[in-house]
Amino acid sequence: MNEAVIIQDGFVIDPEALTITKMDIGILNGKFASIQQVQTQDRKEIQYINASGYYVSPGFIDLHAHIFKDYTELGIEPDTVGVEQGVTTIVDAGSSGFDNYSLLKEEIINSSKTEILTLINISRKGLCHGLSELANLRDLMTLEEAEQIFKREKNIVGLKARMSGSVVKESGIQPLKHARNIADHLHKPIMVHIGNPPPYLQEIFPLLKKGDIVTHAFHGKKHGVLNEEGELIPEASSAIGRGVRFDIGHGTSSFSYKTMRRFKEKYDMAFTISTDIYRKNFSYPVGSLMVTMSKLLALGYSLTEVVEAVTKRAADTLLLTEQGTFTLGTRADVTIFGLEEGESLLADSEGDELICHQILTPYMTLKTGKVAFKKDDGIKNARAL
């Protein structure tokens, strides 16, 4: 029997055309299909989902989270910050390494409703033995180990290198040089965490190539991507010119309203929005991917821009062809959400607060055309922008 779904009367956000249109979305056997094709099925077998008053988007993708629950000090239950928050795909960013990836797969990936992809830590230990995993160069994954695990594990989509002083200690820039060698051999991207130096961005950015990702790009610490005049440092500008991508990576201490405002004032450049969410920052200051998106909305980015940042742009960043789009025949991951009107004070990682007049709120999440989460008391309060 064919599984047929029609999502009716929602405000559909197309992240490729950057449009919002009130229309229906068809799904057949877990793939997006035309309404006409779905209606050729037995009408009694079609599941109708009423999205009136809500926004409908391709499934949200969080490019940076930590969901290795029980085995790292950061790990949070993935569905709590995944499908229950409108996130259909989570990328675990470096919680596991070569030595413990199989444990992540068995204990977390295989038992989650949320799809979990991984950026494997260039340290064999990942974050299972503390947060200074790159201090000992002998712990680095070898090229042979990387070839082996990338060939075997299709959920691994790239490498993760946390390049801040507390992580690398005396190793300096060497772990990133090692990651560069592996990435070049395997043709995979590196997500680089930037924070307090050393190493400095003047050492880090020249090593990055097209497709690599800089997460925590808009932190409020010293020695960031902007100089004192609010302009991109030359190394950051050159990296963007080469196709390096910037990512929010909110986290406990890595997102600043001040930095974001200064960047927005001078640059019209797209970026991805991710949370760096984990157990201790779930309630404050991060909240969820939708809360993080709401902060960008309050800073003046449009709803279509923030949705594009967690759908089409996020998918393109990891070369995911089945996600981030409503293209017919692609996998039917869907996020249905509302916009809650009112005034909320939301903090960045510096403790600065911003009055947000609209908060994105999850209503329903579909994975491959099936309802994975539904909020029973959702408020139908979305309106076309």
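A ring-ring contact (aromatic ring centres under 6.0 Å, His included) check over residues 274-300, counting only residues at least two apart or in different chains, returns nothing. Contacts classified as ring-ring contact (aromatic ring centres under 6.0 Å, His included) and involving residues 98-143 (residues at least two apart or in different chains) are not found. Counting only residues at least two apart or on different chains, no salt bridge (Lys or Arg N to Asp or Glu O under 4.0 Å) pair has a member in residues 274-303. For residues 23-44, the salt bridge (Lys or Arg N to Asp or Glu O under 4.0 Å) pairs, not counting sequence neighbours, are K31-E322.
For Y363 and F337, the distance between ring centers is not under 6.0 angstrom. Side-chain rings of Y301 and F271 approach one another, their centers coming within less than 6.0 Å.
Heavy-atom minimum distance, L226 versus F263: CD1-N, 3.9 Å. Nearest approach of S294 to L346, heavy atoms of both residues: CB-CD1, 4.5 Å. Scanning all heavy atoms of the two residues, the minimum distance from T259 to F218 falls at CB-O, 3.7 Å. Nearest heavy atom pair, residue P58 against residue G324, reads CB-C, 3.7 Å. The minimum heavy-atom distance linking G26 with I35 is given by the pair N-CD1, 3.5 Å. Contact record, G86 with T335: O-OG1, 2.6 Å, taken as the closest heavy-atom pair.
A cation-pi geometry, defined here as NZ or CZ lying under 6.0 Å from the six-membered ring centre and within 45° of its normal, does not hold between K113 and F373.
Between the side chain of S132 and the main chain of S166, a donor-acceptor pair closer than 3.5 Å is present. For D212 (side chain) and I190 (main-chain N/O), a donor-acceptor pair under 3.5 Å exists by modelled atom type. Proximity of a side-chain donor or acceptor of S237 to a complementary backbone N or O of I233 within less than 3.5 Å is not detected. In this structure a side-chain-to-backbone donor-acceptor pair under 3.5 Å is present from D348 to D352. Checking side-chain atoms of H187 against main-chain N and O of A183 turns up no donor-acceptor pair under 3.5 Å. Between the side chain of S171 and the backbone N or O of A135, at least one donor-acceptor pair lies under 3.5 Å. Remark: the backbone N or O of G251 is not paired with any side-chain donor or acceptor of S254 at under 3.5 angstrom. Looking only at distances, no side-chain donor or acceptor of S112 sits under 3.5 Å from a matching main-chain atom of T114.
The distance from atom CG of N100 to atom SG of C128, rounded to the nearest 0.5 Å, is 3.5 Å. Expressed to the nearest 0.5 Å, how far OG1 of T368 lies from CZ of R331 amounts to 7.0 Å. With rounding to the nearest 0.5 angstrom, the CZ atom of R180 is 11.5 Å from the CD1 atom of I173. Note: I336 CD1 to T365 OG1 = 8.0 Å, rounded to the nearest 0.5 Å. With values rounded to the nearest 0.5 angstrom, I25 atom CD1 is found 6.5 Å from F32 atom CZ. Atom CD1 of residue I76 and atom CG of residue D70 lie 11.5 Å apart, to the nearest 0.5 angstrom.
Among residues two or more places apart in sequence or in another chain, the side-chain contact (heavy atoms from CB on, under 4.5 Å) test is passed with K258 by S256, R262. Applying the side-chain contact (heavy atoms from CB on, under 4.5 Å) test to K266 and every residue at least two apart in sequence or in another chain returns E231. Listed by chain and residue number, nothing satisfies the ring pair (Phe, Tyr, Trp, His ring centres under 6.0 Å) test with H219 (two or more places apart in sequence, or in another chain). The side chain to side chain donor-acceptor pair (under 3.5 Å) check on S274 picks up D247, with sequence neighbours excluded.
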**OP:** List the steps, then state whether side chain to side chain contact (heavy atoms under 4.5 Å, CB included) holds for H250 with S349.
**Re:** CA-CA 7 Å; H250 190 311; S349 298; 3.3 Å; yes
Subject >> Intermediate values then yes/no, side chain to side chain contact (heavy atoms under 4.5 Å, CB included), I248 and M260 >> reply: CA-CA 9 Å; I248 295 286; M260 198 76 243; 3.7 Å; yes
Original post:
Going through the checks in order, is the side chain to side chain contact (heavy atoms under 4.5 Å, CB included) test met by L140 and L134?
Top reply: CA-CA 7 Å; L140 294 177; L134 300 181; 3.8 Å; yes
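Around NZ of K177, the count of heavy atoms belonging to other residues, nucleotides or ligands within 6.0 Å does not exceed 12. Within a 6.0 Å sphere centred on NE2 of H357, other residues, nucleotides and ligands contribute more than 12 heavy atoms.
Using a cutoff of 4.0 Å between basic side-chain nitrogens and carboxylate oxygens, D139 and K125 are scored as salt-bridged. Salt bridge absent: K69 and E107 never bring a charged side-chain N and a carboxylate O closer than 4.0 Å.
Of the N and O atoms on the side chains of Q323 and D333, not one donor lies less than 3.5 Å from an acceptor on the other residue. In this model, no donor atom of one side chain and acceptor atom of the other lie less than 3.5 Å apart for T88 and E115. Q358 and E340 share no donor-acceptor pair across their side chains, judged by distance under 3.5 Å alone.
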Report, one line per pair, each donor and acceptor closer than 3.5 Å where one atom sits in a side chain of residues 193-211; sequence neighbours left out.
unit_1: H193; atom_1: ND1; unit_2: H216; atom_2: NE2; d: 3.2
unit_1: H193; atom_1: NE2; unit_2: S164; atom_2: OG; d: 3.1
unit_1: E203; atom_1: OE1; unit_2: Y200; atom_2: N; d: 3.4
unit_1: K209; atom_1: NZ; unit_2: D184; atom_2: OD1; d: 3.4
unit_1: K209; atom_1: NZ; unit_2: D184; atom_2: OD2; d: 3.1

Could you go through residues 305-314 and list every donor-acceptor pair under 3.5 Å that involves a side-chain atom there, pairing it with any protein atom two or more places apart or in another chain?
unit_1: E305; atom_1: OE1; unit_2: S302; atom_2: N; d: 2.8
unit_1: E305; atom_1: OE1; unit_2: S302; atom_2: OG; d: 3.2
unit_1: T311; atom_1: OG1; unit_2: V307; atom_2: O; d: 2.6
unit_1: K312; atom_1: NZ; unit_2: D316; atom_2: OD1; d: 3.3

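Counting side-chain heavy-atom gaps under 4.5 Å among Ile, Leu, Val, Met, Phe, Trp and Tyr, the cluster of I355 also holds L345. The other members of the hydrophobic cluster of M191, by chain and number, are I61, L63, V91, L117, L119, V157, I213, L318, L320 (side-chain heavy atoms under 4.5 Å, ILVMFWY only).
When each of K160, E73, R162 is checked for a side-chain contact (heavy atoms from CB on, under 4.5 Å) with L127, only R162 meets the rule. The side chain to side chain donor-acceptor pair (under 3.5 Å) with H64 is formed by just one residue from the set T275, T215, D92, T272; it is T215. Put simply, the residue from Q47, Q41, Q39 that forms a side-chain contact (heavy atoms from CB on, under 4.5 Å) with I6 is Q39.
In this structure, I273 and D62 have side chains that are not in contact, with every pair of non-hydrogen atoms separated by 4.5 Å or more. Looking only at side-chain heavy atoms (C-beta outward), I20 and V12 stay at 4.5 Å or farther from each other. Side-chain contact between V286 and V291 is absent, with no heavy-atom pair separated by less than 4.5 Å. Contact of the L103 side chain with the F68 side chain is registered, since non-hydrogen atoms from C-beta on lie closer than 4.5 Å.
With hydrophobic clusters built from ILVMFWY side chains whose heavy atoms lie under 4.5 angstrom apart, M23 shares a cluster with I49.
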